[in-house]
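Here the structure is laid out as structure tokens; the discussion comes afterwards.
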Amino acid sequence: FCHNNHSGEAQMTRTLLIAGFAISTVLSGLAQSSSTTGDRLLKQYLIIHESLASDSLKGIDAAAAEIRKISRQAAAADQKNRSRLLALSDAARLSSADLKSARNEFGELSEKLIAYWKAAEVKTTPPYQIYCSMVKKNWLQMEKTPKNPYYGKEMSRCGEVVALGKAAETR
């Protein structure tokens with residue numbers, strides 16, 4: 001009887017170890033997933049940013065379509081951030097008819113991407129969040145020196161670097 005009891009304890013220990021490993025693997029996968037999703041979304045977003053900062057509409061339609069696709073796919077798997085991802089998908093409907101419309105809509109896209117980035121706690125190198133006091137809107141970019149997508153070449157350096165997520169709280 002004693003032998004069977006130890007055998008049962010050993011089996012229970014193995015089961016708990018396997019369960020713990022499985023849980024940690026799933027959690028690790030979720031963290032990895034948000035990083036991958038965040039990176040993929042940011043890559044497309046930066047295409048739009050670069051175009052607008054250069055007074056161009058080139059690539060905006062394709063990048064916006066890709067953001068919608070990535071965010072909808074991620075929303076199906078990420079229940080915690082589902083509403084943020086769906087809001088991001090909705091905001092990625094930029095008009096490529098004219099710069100003024102696209103720039104205005106880029107503000108909402110930026111807001112939704114920043115909200116997702118914060119909530120998902122994306123672990124990759126965070127982009128700089130820059131705030132333009134002229135339009136009272138934020139954007140993300142990888143360089144510290146502003147490249148203003150709202151004014152383009154006319155006022156390309158207009159903007160100040162703020163801590164990720166702080167602009168909405170302090171402005």
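Residue indices begin at 1 and follow the sequence shown.
- When atom types are taken as modelled, the side chain of Asp78 and the backbone of Asn81 share a donor-acceptor pair closer than 3.5 angstrom.
- Contact detail for Leu41 and Ile67: the closest heavy-atom pair is CD2-O, 3.8 Å.
- Atom NZ of Lys80 sits in a crowded spot, with more than 12 heavy atoms from other residues, nucleotides or ligands closer than 6.0 Å.
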* To do: Would you check, one step at a time, whether the test side chain to side chain contact (heavy atoms under 4.5 Å, CB included) holds for Tyr116 with Leu85?
  => CA-CA 7 Å; Tyr116 168 73; Leu85 286 161; 3.6 Å; yes

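- The only member of Arg103, Lys153, Lys147 that meets salt bridge (charged side-chain N to carboxylate O under 4.0 Å, His left out) when paired with Asp55 is Arg103.
- The structure places CG of Leu94 at 9.0 Å from CD of Glu108, a figure rounded to the nearest 0.5 Å.
- By the 4.5 Å heavy-atom criterion applied to side chains, Ile60 and Phe106 are not counted as neighbours.
- No side-chain heavy atom of His49 sits less than 4.5 Å from a side-chain heavy atom of Leu140.
- Annotation for Leu86 and Ala75: closest pair CD2-CB, 3.8 Å, computed over non-hydrogen atoms.
- Counted by atom type alone, Tyr45 and Ser110 present one or more donor-acceptor pairs between their side chains at under 3.5 Å.
- Between Arg93 and Asp61 no salt bridge is recorded (no basic side-chain N to carboxylate O distance below 4.0 Å).
- Between Ala63 and Ile48, the shortest heavy-atom distance links the atoms CB-CG1, 3.6 Å.
- Two residues are said to be in side-chain contact when any heavy atoms from C-beta on lie closer than 4.5 Å; Lys137 and Cys132 fail this criterion.
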* To do: Tell me, with the steps shown, if Val135 and Tyr151 meet side chain to side chain contact (heavy atoms under 4.5 Å, CB included).
  => CA-CA 9 Å; Val135 293; Tyr151 286 103; 3.6 Å; yes

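- The minimum heavy-atom distance linking Glu143 with Ile130 is given by the pair O-CD1, 4.2 Å.
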* Using the side chain to side chain contact (heavy atoms under 4.5 Å, CB included) rule, take Asp39 and Leu42 through it: C-alpha gap first, then chi angles, then the decisive distance, then the call. => CA-CA 5 Å; Asp39 290 340; Leu42 184 64; 5.6 Å; no

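- For the atom pair CZ (Arg72) and CG (Leu88), the distance works out to 11.0 Å, reported to the nearest 0.5 Å.
- No donor-acceptor distance shorter than 3.5 angstrom exists from the side chain of Arg68 to the backbone of Ser89, with no hydrogens or angles considered.
- Looking at every heavy atom in both residues, Ser95 comes nearest to Ala102 through O-CB, 3.1 Å.
- Smallest separation of non-hydrogen atoms from Ala74 and Thr37: CB-CG2, 3.6 Å.
- Rounded to the nearest 0.5 Å, atoms CD1 (Ile114) and CD (Gln129) are 4.0 Å apart.
- In summary, the side chains of Ser101 and Asn104 do not present any donor paired with an acceptor at a separation below 3.5 Å, with no hydrogens or angles considered.
- Side-chain N or O atoms of Ser56 include one that pairs as donor or acceptor with a backbone N or O of Lys58 at under 3.5 Å.
- At a threshold of 4.5 Å between non-hydrogen side-chain atoms, the residues Asn148 and Trp139 count as touching.
- The main-chain N or O of Asn138 is found under 3.5 Å from a side-chain atom of Tyr150 such that the two form a donor-acceptor pair.
- Between Tyr128 atom OH and Lys144 atom NZ the span is 5.5 Å, to the nearest 0.5 Å.
- We find the CD-CZ distance between Gln73 and Arg40 to be 6.0 Å, quoted to the nearest 0.5 Å.
- Between the Ser51 side chain and the Ile47 main chain, a donor and an acceptor come within less than 3.5 Å of each other.
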